[in-house]
2 protein chains.
Amino acid sequence: MGDNARMRISARADYAVRAALQLAACTDSGPVKAETIAVAQEIPHKFLEGILNDMRRGGLVTSQRGGNGGYRLARAATDISIADVIRTVDGPLVSVRGVRPPELSYSGPAESLLPLWIALRANVRQILDGVSLADVATAGLPTEVMDLTEDPAAWTNP
Amino acid sequence: MGDNARMRISARADYAVRAALQLAACTDSGPVKAETIAVAQEIPHKFLEGILNDMRRGGLVTSQRGGNGGYRLARAATDISIADVIRTVDGPLVSVRGVRPPELSYSGPAESLLPLWIALRANVRQILDGVSLADVATAGLPTEVMDLTEDPAAWTNP
DNA sequence: ATGTTTCCTAGCAGAGTAGTAGGAAATAAC
DNA sequence: GTTATTTCCTACTACTCTGCTAGGAAACAT
């Protein structure tokens, strides 16, 4: 018990999204070096290299080596969702006891737990699949998302 | 990479909720033994004992020792949310890189990430705070939650 | 007293997290 | 073709978290 949490965005995922946002921001000034991103977003350089590599393997970014090389987004920033990034570097968005909800089976009074986890997942997807890198980079989050942040209670802790 | 996921309901949390549901189901037949719950829900007995203890410390259940002892809910099943249970055994629902969203600060094109995480958290809370043990135990999930499970896409993997 | 059941402490094997280190391979500029 | 640059790859480390198990002490009912 302590500061561990259940919906946890890992350092990897957070860094990956921020790096992707940085790429979205400098979309037409040639490839961006890992080092540049690392400095701009205060991310450990070598750690970031590995993350960018995962994103390349996942088809999210393309890379070029050598002097004046670097990374750029493989698709338009409007066409890459936050969920795409997180899934690429960290795997599935939602799991229960290590497996994805559809593989679960409950009995007795717990039977309705499965639909609950499904609803939870659908809800998370709605947000993370529905927001693109461009939305965040240009500070133009969808109104449904902005609406959720209106309630001051959303900003307080528990 | 692999089967790790970002919104992960741990075994602890899953077991805790199921145990609480079992208690909600036998609310007026006297205290329920850990062993009984363990068998009914196929949860490792000694592991469950620890979880029930955490729930007692968290004020969710009361206990009685000795022959004919066991556990019962401390409040009405309508008055305990799924979020209450998860938070009691696992800590805060949502965190980014180990800290809760309000403590974060982003710069440059990542500035709108904070409102995004806040919206995500609000959305998760909406579900988990809004569903009580009684809702699940009686298979009477709120209609907003049921609506989310209507779309067949909610049941498919990615 | 006796049996039952919770409560407490300790430990443990495996996996995941957040990095670091060092160098090989590709590319561009000269 | 050499050199500087930058990605790419492998391996390693230290720490924490997860999902348990073991053994017994304390409380309670009969």
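Below, chains carry the letters A, B, ... as their sequence lines are ordered, and counting in each starts from 1.
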Are B/Tyr71 and B/Asn53 close enough that a side-chain donor and a side-chain acceptor fall under 3.5 Å?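 Absent: no donor and acceptor within the cut-off.
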
Between A/Thr88 and A/Asp54: side-chain donor-acceptor atoms closer than 3.5 Å: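 Per modelled atom types, A/Thr88 and A/Asp54 side chains form no pair under 3.5 Å.
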
Starting at [atom1] of [X] and ending at [atom2] of [N], how long is that distance when rounded to a whole Å?
{"X": "A/Asn53", "N": "D/dT10", "atom1": "CG", "atom2": "P", "answer": "10 Å"}
{"X": "B/Ile43", "N": "D/dT18", "atom1": "CD1", "atom2": "P", "answer": "17 Å"}
{"X": "B/Leu48", "N": "D/dA22", "atom1": "CG", "atom2": "P", "answer": "16 Å"}
{"X": "B/Glu49", "N": "C/dT5", "atom1": "CD", "atom2": "C1'", "answer": "8 Å"}
{"X": "B/His45", "N": "C/dT5", "atom1": "NE2", "atom2": "C1'", "answer": "8 Å"}
{"X": "B/Phe47", "N": "C/dC12", "atom1": "CZ", "atom2": "C1'", "answer": "14 Å"}
{"X": "B/Lys33", "N": "C/dT4", "atom1": "NZ", "atom2": "C1'", "answer": "8 Å"}
{"X": "B/Asp54", "N": "C/dT6", "atom1": "CG", "atom2": "P", "answer": "15 Å"}

Salt-bridge criterion met for A/Asp129 and A/Arg87 (N-O under 4.0 Å):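 Yes, A/Asp129 and A/Arg87 are salt-bridged.
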
Residues B/Glu103 and B/Arg100 bridged, charged N to O under 4.0 Å: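 Salt bridge absent between B/Glu103 and B/Arg100.
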
Applying side chain to side chain donor-acceptor pair (under 3.5 Å) as the test, list every pair that has at least one member in residues 134-154 of chain B; sequence neighbours left out.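 Output for this query lists B/Ser132-B/Asp135.
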
Can you figure out which of C/dA18, C/dG19, D/dC8 approaches the side chain of A/Tyr71 most closely?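 So the nucleotide nearest the side chain must be D/dC8.
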
Testing A/Leu128, A/Leu21, A/Leu60, A/Ile51 one by one against A/Val85 for a side-chain contact (heavy atoms from CB on, under 4.5 Å), which residue passes?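 It is A/Leu60; the other options fail the test.
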
OP1 or OP2 of [N] sitting under 4.0 Å from any side-chain N/O of [X]?
{"X": "A/Lys46", "N": "C/dG19", "result": "no"}
{"X": "A/Tyr15", "N": "C/dT17", "result": "no"}
{"X": "A/Arg8", "N": "D/dT18", "result": "yes"}
{"X": "B/Ser63", "N": "C/dC7", "result": "yes"}
{"X": "A/Arg56", "N": "D/dT7", "result": "no"}

Have a look at A/Arg57 and say if it touches a base, only the backbone sugar-phosphate, or nothing, with a 4.0 Å heavy-atom cut-off.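 It contacts sugar-phosphate atoms only.
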
Select base, sugar-phosphate, or nothing to describe what B/Gly70 touches, counting heavy atoms under 4.0 Å on all strands.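 Answer is sugar-phosphate: B/Gly70 comes under 4.0 Å of backbone atoms only.
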
Could you grab the distance from atom OH of B/Tyr15 to atom CG of B/Leu48, nearest 0.5 Å is fine?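 Answer for the OH-CG pair, B/Tyr15 versus B/Leu48, is 9.5 Å.
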
Between the protein and nucleotides 28-30 of chain C, list every N/O to N/O distance that falls short of 3.5 Å.
| from | atom 1 | to | atom 2 | distance (Å) |
| --- | --- | --- | --- | --- |
| C/dA28 | OP1 | A/Gln64 | NE2 | 2.7 |

Mapping B/Glu35 and B/Arg97 to their closest nucleotides on DNA chain C, which lands nearer the 5' end?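 Taking each residue's closest nucleotide, the earlier one in sequence belongs to B/Glu35.
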
